[in-house]
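Working notes, structure below.
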Amino acid sequence: MDGIWTVIRSHLGGIYFPDITWSDVLDIIIIAYVIYHVLLWIKTSRAWTLLKGILVVALFLVIAVIFRFNTILWIAKNLINVFLIAIIILFQPELRRALDELGRKKIISRFIKFDNTRLEETSLSDKSIYELVKTSTQLSKDKTGALMVIEHETPLGEYINTGIAIDATLSQQLLINIFEKNTPLHDGAVIIKNNRVVAATCYLPLTERHDVNKGLGTRHRAGLGISECTDSMTIIVSEETGGISVAYKGMLYQDLDEDGLRKQLSKLHIEIDDGYTGTKVLRKGGRRNAEKLEK
């Protein structure tokens, strides 16, 4: 390697070549990777709007420096600490979501295979998928509203604690009884964990996105909200139309038939199997593909 650098330097004399080691190359790759994902995160979240506002303030400060607006510069200098704390407060939901996504990335497991017992436990069984499809179809025919959240890898303990504990075997009869109108447990979401119904009447966070179709009701907004801050999958049955939807990773898949719903639920199986290779599988879901929310 030293001989190659010597030949290159002899032909390109006068040009300064810094001493680059493998650690420098690795350092640059890591920084580029982090910057890329930070920019990607900012672009696909509410942080993009907040960042544009911060850039406008920064532009005014640059103008103040150029034209020597001493009063504005004095105020900015004394409020810099407050401004930094305000940024943390404003970006708190986005920072929490970013750290949660970072924690779910299987960076180490792509190189070293660990015991995947935990992943198998969080995977939906074929029986659970069958029961969920039957339940959703029946609720859709009866136009009974429903909201069913399936825990994947991110724990949903804080949402489970807002409801009433059940801890029962997942079955069509149980879910239909829970969502029966005018019953104590029908309002709110059911949370499914390890192929069991663990709680009902749970409260979910509503999405804060402004590009969501105004025609979507509270159930759909709640399903999107939980899908944006966790990796759970939510089945939504509309009380008005009887339509079946699935919210997953911030996307809403609408107007699903039985086959489409089954394919969506199978994603929880597929992504576990492909976790070590980094392959992300996305399939079509029923009569319509995932629609962009602004439509």
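The cluster map of Ile, Leu, Val, Met, Phe, Trp and Tyr, joined by side-chain heavy atoms under 4.5 Å apart, puts Phe83 and Leu61 in different clusters. In the hydrophobic cluster analysis, where Ile, Leu, Val, Met, Phe, Trp and Tyr join through side-chain heavy atoms closer than 4.5 angstrom, Val62 is grouped apart from Val65. Clustering ILVMFWY residues whenever any of their side-chain heavy atoms sit less than 4.5 angstrom apart, transitively, puts Ile80 in a cluster other than the one holding Leu73. Follow the hydrophobic side-chain contacts under 4.5 Å out from Phe60 and you never reach Phe67; the two are in separate clusters. Taken together through direct or relayed side-chain contacts under 4.5 Å among Ile, Leu, Val, Met, Phe, Trp and Tyr, Leu185 and Val190 form part of one hydrophobic cluster.
Residues Lys193 and Pro155 form no side-chain contact, since every pair of their non-hydrogen atoms from C-beta on lies 4.5 Å or further apart. Inter-residue side-chain proximity for Leu124 and Asn195 is flagged as met; some heavy-atom pair is nearer than 4.5 Å. Counting heavy atoms from C-beta on, the side chains of Thr169 and Arg196 come closer than 4.5 Å. The closest side-chain heavy-atom distance from Leu156 to Val198 is not below 4.5 Å. Annotation: side chain of Thr234 is in contact with side chain of Leu147 (closest heavy-atom distance under 4.5 Å). Put simply, the side chain of Leu174 does not reach to within 4.5 Å of the side chain of Leu170, judged on heavy atoms. Ile150 places a side-chain heavy atom less than 4.5 Å from the side chain of Leu265. Looking only at side-chain heavy atoms (C-beta outward), Thr144 and Ile176 stay at 4.5 Å or farther from each other.
No donor-acceptor distance shorter than 3.5 angstrom exists from the side chain of Asp27 to the backbone of Ser23, with no hydrogens or angles considered. Counting only distance, with no hydrogens or angles, the side chain of Thr183 and the backbone of Glu180 share a donor-acceptor pair below 3.5 Å. Between the side chain of Ser140 and the main chain of Gly242, a donor-acceptor pair closer than 3.5 Å is present. A distance-only check finds a donor-acceptor pair linking the side chain of Thr162 to the backbone of Tyr159 [under 3.5 Å].
The shortest heavy-atom contact between Leu139 and Ala146 is CD1-CB, 3.6 Å. Of all the heavy atoms in Ser227 and Leu224, the pair that sits closest is OG-O, 2.8 Å. Considering every non-hydrogen atom in both Cys202 and Gly163, the closest pair reads SG-CA, 3.8 Å. Here the shortest heavy-atom pairing between Phe179 and Met148 reads CE1-CG, 3.7 Å. Nearest heavy atom pair, residue Arg221 against residue Asn213, reads NH2-O, 3.7 Å. What you find for Ser245 and Leu252 is that their closest heavy atoms are CB-CD1, 4.1 Å.
Atom CD1 of Ile226 and atom CG of Leu206 lie 10.5 Å apart (nearest 0.5 Å). Remark: Gln264 CD to Met251 CE distance equals 10.0 Å, nearest 0.5 Å. With rounding to the nearest 0.5 angstrom, the OG1 atom of Thr230 is 10.5 Å from the NZ atom of Lys249. Between the OH atom of Tyr253 and the NZ atom of Lys263 there is a distance of 13.0 Å, given to the nearest 0.5 Å. One distance of note links CG of Leu256 with CD1 of Ile235; it measures 9.5 Å at 0.5 Å rounding. Distance CD/Glu158 to CG/Asn161: 8.5 Å, rounded to 0.5 Å.
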*asked:* Let's go through Val246 and Lys267 carefully: what are the C-alpha distance in whole Å and the side-chain angles of both, what is the deciding distance for side chain to side chain contact (heavy atoms under 4.5 Å, CB included) to 0.1 Å, and is it a yes or a no?
replied: CA-CA 12 Å; Val246 164; Lys267 284 182 181 179; over 6 Å; no

*Evaluate side chain to side chain contact (heavy atoms under 4.5 Å, CB included) for Ile72 paired with Ile63, printing each intermediate quantity in order.*
CA-CA 10 Å; Ile72 295 178; Ile63 295 174; over 6 Å; no

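Atom NZ of Lys143 sits in a sparse spot, with 12 or fewer heavy atoms from other residues, nucleotides or ligands closer than 6.0 Å. Enclosure of atom CZ in Phe69 by more than 12 non-hydrogen atoms of other residues, nucleotides or ligands within 6.0 angstrom is indicated.
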